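The shown structure was predicted, so the numbers you read here are calculated from the model rather than taken from an experiment.
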Amino acid sequence: MNMITEQLTIDGLLAQIANMKTTEDSNTVAEAKRLFYEQASPAERERVTAAIRERTRALLALISNENRQIGEILQQNGTEYDLSEWLSIANYAKKYAVSTHVVQNWLRRGIIPPDCSIELHTFNNIRMVKDRPYRSA
């Protein structure tokens, strides 16, 4: 989304805010807003501020809903999991300075016990590992 190079009109900026989805989009909107404010009237500034506030609320509601859905899915498995205690294989490997292949090998060999690993079928079968150090035997 190349927002800064577009003509800085109130309608253009409001459209960019409405389409904002990523952190990069947010940073670009912030720069476009800064440039727009140099020429904007107080009423236009208020419209832009209100639009950013509303879009931010909408994005936060989406994140909250996704987090709630994850929690519900984990509860559907018959067990309630605290997501702060679990890491994806990639994040586990980064945190404990091992390769993802080592972690997968530990899972296959039982070094990481079955109760310290969960597979989230609804989320493309992502495997989560309990956040604690494991060592090969």
Only distances under 3.5 Å count here; give the side-chain donor-acceptor pairs of residues 97-104 to other protein atoms, sequence neighbours excluded, each with its distance to 0.1 Å.
from, atom 1, to, atom 2, distance (Å)
Ser99, OG, His101, N, 3.4
Ser99, OG, Val102, N, 3.1

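Among all heavy-atom pairs drawn from Gln16 and Ala32, the shortest one is OE1-CB, 4.0 Å. In this structure, Arg132 and Cys116 approach most closely via the heavy-atom pair NH2-SG, 3.3 Å. Taking every heavy atom of both residues into account, Lys33 and Val48 meet most closely at CG-CG1, 4.1 Å. When all heavy atoms of Val29 and Leu13 are compared, the closest pair comes out as O-CD1, 4.5 Å.
The side chain to side chain donor-acceptor pair (under 3.5 Å) test applied to Lys130 returns Glu85, not counting sequence neighbours. With sequence neighbours excluded, the residues forming a salt bridge (charged side-chain N to carboxylate O under 4.0 Å, His left out) with Arg127 are Glu119, listed by chain and number. Considering only residues two or more places apart in sequence or on other chains, Thr49 meets the side chain to side chain donor-acceptor pair (under 3.5 Å) condition with Tyr37. Residues passing the side-chain contact (heavy atoms from CB on, under 4.5 Å) test with Lys95, sequence neighbours excluded: Leu87, Asp131.
For the pair Thr22 and Asn27, the minimum side-chain heavy-atom distance is 4.5 Å or more.
In this structure, the separation between CZ on Arg55 and OG on Ser26 is 10.5 Å, given to the nearest 0.5 Å. We find the CD1-OG distance between Ile112 and Ser117 to be 7.0 Å, quoted to the nearest 0.5 Å. We find the CG-CD1 distance between Asp25 and Ile17 to be 11.5 Å, quoted to the nearest 0.5 Å. For the atom pair OG1 (Thr9) and CG (Leu14), the distance works out to 8.0 Å, reported to the nearest 0.5 Å.
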* Asked: Can you list the steps and then say if Thr56 with Leu60 is a side chain to side chain contact (heavy atoms under 4.5 Å, CB included)?
  -> CA-CA 6 Å; Thr56 301; Leu60 289 172; 4.1 Å; yes
* Taking it one step at a time, do Val129 and Ile118 satisfy side chain to side chain contact (heavy atoms under 4.5 Å, CB included)? -> CA-CA 7 Å; Val129 177; Ile118 56 174; over 6 Å; no
* Please report the C-alpha distance between Met128 and Ser88 in whole Å, then the side-chain angles of each, then the deciding distance to 0.1 Å, and finally whether the side chain to side chain contact (heavy atoms under 4.5 Å, CB included) criterion is met. => CA-CA 4 Å; Met128 304 292 283; Ser88 68; 4.3 Å; yes
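Legend: salt bridge (charged side-chain N to carboxylate O under 4.0 Å, His left out) pairs involving residues 38-50, not counting sequence neighbours, sorted by first then second residue: Arg34-Glu38.
Ring-plane geometry between Tyr92 and Trp106 is classed as perpendicular, the angle between the planes exceeding 60 degrees on a 0 to 90 degree scale with a lower cut at 30.
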